[in-house]
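Comments concern the structure below.
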Amino acid sequence: MTDRIWPEVYKKLGVAPIINAQSWVTALGGSIMRPEVLQAMDDAANAFIDIKKLNLAAGEVVARSCGAERGLVTAGCSAAQVLMVAACMTGQSEANVEQLPDTTGMKDEVILFKGQRNRYDKAFVTAGATLIEYGSEDSVTSDDLDNTINENTACVAYIVAPFVPSGIGLKETIRVAHERDVPVIVDAAAEVPPRANLSEFHNLGADMVAFSGGKGIGGPQSSGLLAGKADLMEAVVMNSLNLDSSVAGIGRPMKVSKENIIGLVTALQLFTDSDEATEWKGWQSKAEYVAERLTGIDGVRVEIEDDPAERQGPQPVLRFGNGYSGPSIAEIKNHLEAGDPGIFVGGGGGGREEINIVMVNVQDGEEIIIADRLNEILQG
Ligand SMILES: *Cc1c(COP(=O)(O)O)cnc(C)c1O
């Protein structure tokens, strides 16, 4: 590794840092915590506290930030997904909490639009539930949902993410489900920023909503936030690491450390207090820099795209047409990843013939390295 700082802790293990132009993806380390977050975690590490009291107090911060009745810090959005389903199945029955993952006698079906199936949905069945699909991959109606709800339905799940379609929409999903007295739980892991989304889905009437703490919010990578209606959130607490209860919850393997609880609430407060427009401008100027450096290459079209339904922040998108004679998309990515430092960009997935360079995790100055290397590779 040349020129760049290689933190000793990683160097000792022989693992080199990379440039993350792929967004807040788990596989590349989520996000970088602000110094204030690290300081808060350092402070937290130096005292013992009652962990349940701490998380209940932190949950009040989460609830306020989300405009919800009650909140909790979880060990990630996936952990929150497990707890949401567990809560919908057990309610506030200690016997039910003790019995999971055996769901005998409980409503234990989670309903999800087929088009929203994704690699995170295993978390919906971890607590013992069964996943039931409705609609087909690309066609779905309110009746499809209504006809799928039955006396075994524990909840309807809904995913908000750039890589899944919206189906009948969250608002309509809530309308249909509530008509049948069934709660709606939402996985919106990577949907903040925009900051308004912290409360948006609650305002639409969702019963519980989960976000990752270690993505756009900039908290510890293995943290998440969950908020929602008070009665269901009480059931969530019962199923979580609930050390003052004699009942063993399904959430015990998903405990959140005192450092991570403090890290998450600190990150959340800094995030909600900071200016979204300034953050956006930083991404925009990096996107413009790279786009400009890549214009004029034969057969390569570069556009900056920022549609929030598809893109995490403004980003240059490269498409290849007539007259392009360089390496394929897969080859370009291989070259970038094998370099020093390795550069990870988005694209080539989901049938899209493109390379997209996501700026939300690109540190100052790294856009220059990205532009240099892409120029070399594309112009051979
Ligand atoms: C990242 C992600 C998750 C998992 O979140 P963690 O905080 O890493 O547990 C779940 N669902 C979606 C849609 C995601 O993007």
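Both ligands and their constituent atoms are indexed starting at 1 by order of listing.
Within the structure, every pair that satisfies the salt bridge (Lys or Arg N to Asp or Glu O under 4.0 Å) test and touches residues 312-330, not counting sequence neighbours, is listed here: Glu303-Arg319, Glu305-Arg319, Arg319-Glu354. Applying the salt bridge (Lys or Arg N to Asp or Glu O under 4.0 Å) definition to pairs two or more places apart or across chains, none involves residues 19-44. Within the structure, ring pair (Phe, Tyr, Trp, His ring centres under 6.0 Å) contacts touching residues 295-334 (residues at least two apart or in different chains) are Phe320-Tyr324.
Within 4.0 Å of ligand 1, heavy atoms belong to protein residues Thr26, Gly76, Cys77, Ser78, Gln81, Tyr120, Phe163, Asp187, Ala189, Ser212, Lys215.
Considering Thr130, Asn150, Thr103 in turn, Asn150 is the only one that fulfils the side chain to side chain donor-acceptor pair (under 3.5 Å) rule with Glu109.
With Asn197 contributing its side chain and Glu191 its backbone, the two residues share a donor-acceptor pair below 3.5 Å.
Relative orientation of the Trp283 and Trp24 rings is perpendicular, given thresholds of 30° and 60° on the angle between their planes.
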